[in-house]
**Q** 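Take this structure, written in structure tokens, and hold onto it; I'll ask about it next.
In each ligand, atom 1 is the first atom listed, and ligand 1 is the first ligand listed.
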Amino acid sequence: MSSTQHPASGDQACLLALESSCDETAAAICTLGGELIASRIASQIEIHRQYGGVVPEVASRNHILHVRPLVEQVLADAGRRLADMEAFAATSGPGLVSSLLIGTSMAKALAVAEGKPFVAVNHMEGHLLSPFMDGNGPVRPCVALIVSGGHTMLVRVCEAGRYELLGRTRDDAAGEAFDKVAKMIGLPYPGGPEIDKLAARGDPEAFAFPRSFLNGTSLEFSFSGLKTAVLYELPRLDLTSEQTLADVCASVQAAIIEVLVEKLVLAAKSCGETLVTVSGGVSCNRGLRAALAARCEELGLRLLLARPDLCTDNAGMIAFAAVQRFNAGHTSPLEADVDPNLPLVR
Ligand code: KG4
Ligand code: ZN
């Protein structure tokens with residue numbers, strides 16, 4: 001279990017948030033000023049690895065086991081009591097229904113027990129706003145790229161809560177492309193971090209995998225062709241050779257990175273925006289972070305990236321997004337249902 005603690009934040013008002021949209025159970029406490037003071041994650045990766053992906057039924061059973069102890073742990077980390085919380089928040093979608101229900105049910109139960117409001121949070125808004133955490137706030141206009149396991153989208157942020165969708169993937173998400181290719185070449189789940197590691201030792205030009213730019217001005221993505229290209233290459237590859245494996249990883253990663261970086265740049269140019277942010281699990285990727293830093297510096301764009309532990313699923317980002325909603329006067333009715341396909345922009 002990983003944790004973050006900053007119990008120094010005195011007696012500032014705060015809220016507690018839960019995240020259980022997929023295979024990580026997480027709890028966090030954030031001050032209403034946006035400072036994360038406690039964050040813990042109970043990861044289920046080892047459990048799901050043996051199946052090569054997330055098994056929803058197993059995920060929800062494990063959320064049930066972990067959620068209550070996590071609440072106790074973050075309260076202890078922050079030196080607070082339940083009664084000190086101003087609100088209780090949870091991810092209400094998108095994600096796996098049976099997983100979402102655990103976090104939202106617990107947050108609603110705590111809200112009722114303590115007589116405090118419940119705040120439903122969109123998981124993608126958590127990712128979207130995460131680059132503004134850690135002293136990078138306040139949330140302000142920018143062009144944002146979200147790259148996670150289930151989503152790849154370009155969003156124009158006008159202010160917290162006001163977003164415009166600029167483009168999204170037509171097929172696989174970037175994280176999905178990493179994970180599917182990794183599975184094809186025999187790497188364990190989740191494949192993104194494995195490819196990241198091996199790519200560091202490989203030649204990114206060893207294989208010319210396709211970059212799907214669709215057309216010169218489109219802000220849509222497509223990664224399914226990359227997967228097919230790797231599939232066609234497989235019979236010719238000796239994957240027992242460490243160098244070949246590293247070269248495939250480096251070449252696949254380079255193809256994904258180039259498309260992500262150039263589409264983000266294109267979106268920033270087309271919106272006349274100089275601040276860009278990148279979030280979601282794939283934004284942990286070291287090659288992507290380096291390429292973004294270099295390209296943004298070259299073009300005079302300001303780049304905000306979340307801390308790596310805030311890029312992959314966590315409750316800190318959900319707490320931070322909940323704080324933005326709560327401070328703007330938005331809370332959610334207890335009847336608010338979970339939605340596995342909850343859109344970020346309606
Ligand atoms: O945001 P996230 O934790 O969960 C979703 O909301 O989907 O993203 C998970 C995705 C997975 O596809 C995982 O392989 C990918 O992020 N990922 C990475 C890296 N770390 C996680 N992809 C590339 N390089 C990484 N270092
Ligand atoms: Zn996520």
Side-chain angles (χ1 to χ4, degrees), residues 2 17-26 28 39 41-45 48-49 52-54 56 59 90-96 99-100 103 121-131 144-153 168-169 172-185 187-200 202 204 221 223 226-227 249-250 252-261 277-292 305-318 320-321 340-342 344:
S2 61
L18 300 173
E19 154 64 31
S20 67
S21 63
C22 191
D23 61 340
E24 312 283 26
T25 327
S39 178
I41 303 172
S43 176
Q44 300 182 19
I45 283 184
H48 296 281
R49 184 167 284 151
V54 178
T91 305
S92 64
L96 302 167
S99 287
L100 291 164
V121 176
N122 184 310
H123 181 82
M124 301 318 293
E125 187 175 22
H127 279 307
L128 178 69
L129 301 182
S130 60
L145 171 68
I146 314 177
V147 272
S148 71
H151 297 80
T152 296
M153 37 178 155
R168 63 177 359 143
T169 182
D172 293 344
E176 208 174 347
F178 271 108
D179 294 342
K180 286 181 176 172
V181 167
K183 200 168 187 174
M184 281 160 54
I185 58 177
L187 299 176
Y189 168 87
E194 301 292 327
I195 291 186
D196 187 347
K197 259 186 266 162
L198 287 166
F221 300 86
F223 291 107
L226 173 62
K227 199 176 55 190
C249 289
V252 164
Q253 183 170 292
I256 296 174
I257 289 175
E258 189 180 336
V259 174
L260 294 178
V261 173
T277 68
V278 186
S279 60
V282 176
S283 66
C284 279
N285 186 274
R286 289 168 299 168
L288 175 61
R289 291 174 88 92
L292 283 166
L305 294 170
R307 232 169 48 199
D309 61 305
L310 296 172
C311 293
T312 43
D313 289 350
N314 66 91
M317 68 181 192
I318 303 303
F320 185 76
N341 302 310
L342 187 66
L344 178 64

**Q** Give the numbers and elements of all ligand 1 atoms closer than 4.0 Å to a heavy atom of Gly175.
**A**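 Counting from 1, the qualifying ligand atoms are 12 (O).
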**Q** Backbone or side chain, does His127 get an N/O/S atom under 2.8 Å to the Zn ion (ligand 2)?
**A**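 Yes - counting backbone and side chain alike, His127 has an N, O or S atom under 2.8 Å.
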**Q** Checking a contact table here: which protein heavy atom is nearest atom 9 (C) of ligand 1, and how many Å away?
**A**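 Going atom by atom, the protein heavy atom closest to atom 9 (C) of ligand 1 ends up being Gly149 N, 3.7 Å.
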**Q** When you measure from atom 1 (O) of ligand 1 to each heavy atom in Gly281, Pro308, Ser283, Ala182, which option holds the nearest one?
**A**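 Nearest option to atom 1 (O) of ligand 1, by heavy atoms: Gly281.
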**Q** Please verify whether a non-hydrogen atom of Arg286 lies at under 4.0 Å from ligand 1.
**A**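 The answer is no, since Arg286 has no heavy atom less than 4.0 Å from ligand 1.
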**Q** Determine whether Asp309 and Asn314 make a side-chain contact, defined as any pair of heavy atoms from C-beta on separated by less than 4.5 Å.
**A**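 With C-beta onward as the side chain, the pair stays apart.
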**Q** Do Pro193 and Thr312 have side chains that get closer than 4.5 Å, going by heavy atoms?
**A**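 The answer is no, as the side chains (C-beta and beyond) never meet within the 4.5 Å cut-off.
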**Q** Within ligand 1, which atoms have a heavy atom of Cys284 less than 4.0 Å away?
**A**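 Those qualifying, in numeric order: 20 (N), 26 (N).
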**Q** In this structure, does ligand 1 have an atom that sits under 4.0 Å from one of the heavy atoms of Cys22?
**A**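 So Cys22 does not count as touching ligand 1.
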**Q** Would you mind listing which atoms of ligand 1 come within a distance below 4.0 Å of any non-hydrogen atom of His127?
**A**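 It comes down to these atoms of ligand 1: 1 (O), 6 (O).
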**Q** Let me check your reading of the structure: within less than 2.8 Å of the Zn ion (ligand 2), is there an N/O/S atom from His123?
**A**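 True for His123.
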**Q** Is the closest heavy atom of His151 to ligand 1 under 4.0 Å?
**A**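 No, His151 has no heavy atom closer than 4.0 Å to ligand 1.
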**Q** Going by the rule salt bridge (Lys or Arg N to Asp or Glu O under 4.0 Å), which residues pair with Asp196 if we only count those two or more places apart in sequence or in a different chain?
**A**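 So Asp196 forms a salt bridge (Lys or Arg N to Asp or Glu O under 4.0 Å) with Arg286.
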**Q** For atom 12 (O) of ligand 1, what's the nearest protein heavy atom and its distance?
**A**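 Residue, atom and distance for the closest contact: Asp179 OD2, 2.7 Å.
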**Q** If you check every N/O/S atom of Asp313, which is the one nearest the Zn ion (ligand 2)?
**A**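 For Asp313, the N, O or S atom at the smallest distance from the Zn ion (ligand 2) is OD1.
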**Q** With side chains defined as the heavy atoms from C-beta onward, is the minimum distance between Asp313 and His127 less than 4.5 Å?
**A**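 Touching, per the 4.5 Å side-chain cut-off.
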**Q** Is there any N or O on Gly191 that sits under 3.5 Å from an N or O of ligand 1?
**A**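 No; every N/O pair is 3.5 Å or more apart.
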